[in-house]
Visitor: 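Pasting a structure here, questions to come.
The structure presented is a predicted model; accordingly, all values stated were derived computationally and were not measured.
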There are 2 protein chains.
Amino acid sequence: MTTATLEREAQSRLAAYGVRFTRGRRAVVLALAEAQGPRTVAELAEVLGPSVPVSSLYRTLTVLEESGVVVPHYGTRGLTRYELAEWATGHHHHLVCIECGTVDDLEIPEGLEQRVEAVVEELADDQGFEPAGHSLEIEGRCRSCH
Amino acid sequence: MTTATLEREAQSRLAAYGVRFTRGRRAVVLALAEAQGPRTVAELAEVLGPSVPVSSLYRTLTVLEESGVVVPHYGTRGLTRYELAEWATGHHHHLVCIECGTVDDLEIPEGLEQRVEAVVEELADDQGFEPAGHSLEIEGRCRSCH
DNA sequence: CTCAATAACGATACTCATTCTCATTCAGTA
DNA sequence: TACTGAATGAGAATGAGTATCGTTATTGAG
């Protein structure tokens, strides 16, 4: 997805939610687009510098989450990470490093994804609930920690 | 697994780690054995009452985690939940309620689990890392929130 | 273009889960 | 029973995240 398309889509979602696509919100969306996985507020603050103060960063991420532009991720101790929603990144899973705690996106080939979805569907049938989503986290060692 | 077996195994793991299996630690292990899914400190404190003060509860859970008796779970906003490790509960996955945030254990039939593991293995081959574990979280609505 | 009206912002105070500290108590051993 | 290190409990400290509130920026009406 191009940056222009990403911005157009993000703006459209924010508009549907009834808020503006401001400079600060654009900066956060673009920073997340650069990232290879979910990012903490601290990591984003590092990238963005003082142009987006921390208090605004928290509020911006809340707005972006509520309008469906980003989704939160809670895979590591005590920290909330954010990433662009699947309409922007495509469906993917995560590799959580058991050594350093970083989280990387993990592209999953279509065939494998279909098999995961089939399992989720069968589980849903078994247990009598309707699944709204799923996530497969794989714990291992990232390239830096090998 | 019977309570006696659970206690024996827990004691053995704590001994291997070089610490004692005290009254407070036993109480926490038994409380987690009663639970149907990962529990927060607040939830455990509610069940245990004042016999295990909160500061001890945190420390106890840390010791139990380091000795391999319990594992942490970070699936919901801002809260760490703990559950007995898989040697006690067997391998399982989680249903995270998108309504109320509770997390329930989800037993997965052997056949389905094998298919999940096959996918994880293939992903590992593709990406060139060795997986240490995996978790499949299904987001949906729990029975209370239907 | 100017002026409200309202959305967004930024600094700071605050909350609350979790961790740390330290004095006290307990369990195991001589 | 007395000694020694482990374990405990109460409360202080930390830090991520939230709420508040005065200021600034954007939008739309005239």
Visitor: Take atom CD of A:Q11 and atom P of C:dA7, then tell me their distance rounded to the nearest Å.
Guide: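 For the pair A:Q11 CD and C:dA7 P, the rounded distance is 17 Å.
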Visitor: Any sub-3.5 Å donor-acceptor pair from A:S67's side-chain atoms to A:V63's backbone N or O?
Guide: yes
Visitor: Any residue in residues 36-72 of chain A with a heavy atom nearer than 4.0 angstrom to DNA chain C? Just list them by number, or reply none.
Guide: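 DNA chain C contact set from residues 36-72 of chain A: A:P53, A:S55, A:S56, A:R59.
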Visitor: In whole angstrom, what separates A:R77's CZ from C:dT19's C1'?
Guide: 11 Å
Visitor: According to the interplanar angle, ranging from 0 to 90°, do the rings of A:H94 and A:H73 count as parallel (below 30°), tilted (30 to 60°) or perpendicular (above 60°)?
Guide: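 Ring orientation, 0 to 90° scale: perpendicular.
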Visitor: Give the first and the last nucleotide of DNA chain D, reading 5' to 3', that has any atom under 4.0 Å from a heavy atom of chain A.
Guide: D:dA16 to D:dT27
Visitor: Rounded to the nearest Å, what distance is computed from the CZ atom of residue A:F21 to the P atom of nucleotide C:dC9?
Guide: 11 Å
Visitor: Taking atom types as modelled, find out whether B:H93 and A:H134 have a side-chain donor-acceptor pair closer than 3.5 angstrom.
Guide: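 Judged by distance alone, the side chains do not pair up.
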Visitor: Under a 3.5 Å distance rule, please check whether B:R25 uses its side chain to pair with a backbone N or O of B:R20 as donor and acceptor.
Guide: yes
Visitor: Which pairs with one or both residues in residues 4-13 of chain B pass side-chain hydrogen bond (donor to acceptor under 3.5 Å, both in side chains), sequence neighbours excluded?
Guide: B:T2-B:T5, B:E7-B:R26, B:E9-B:R13
Visitor: Taking the basic N atoms (NZ, or NE/NH1/NH2) and the acidic carboxylate oxygens, is any pair closer than 4.0 Å for A:R59 and A:E66?
Guide: no
Visitor: Show me the protein contacts with nucleotides 27-30 of chain C, counting only N or O atoms at under 3.5 Å.
Guide:
residue	atom	partner	partner atom	Å
C:dA27	OP1	B:R23	NH2	3.1

Visitor: Can we say A:R115 and B:E122 salt-bridge, meaning some charged N sits less than 4.0 Å from an Asp/Glu carboxylate O?
Guide: yes
Visitor: Provide the full list of ring-ring contact (aromatic ring centres under 6.0 Å, His included) pairs with a residue in residues 15-63 of chain B, sequence neighbours left out, each pair given once.
Guide: none
Visitor: Would you say B:E83's side chain and B:R81's backbone share a donor-acceptor pair under 3.5 angstrom?
Guide: no
Visitor: Can you name the residues that form a salt bridge (Lys or Arg N to Asp or Glu O under 4.0 Å) with B:E117, not counting sequence neighbours?
Guide: none
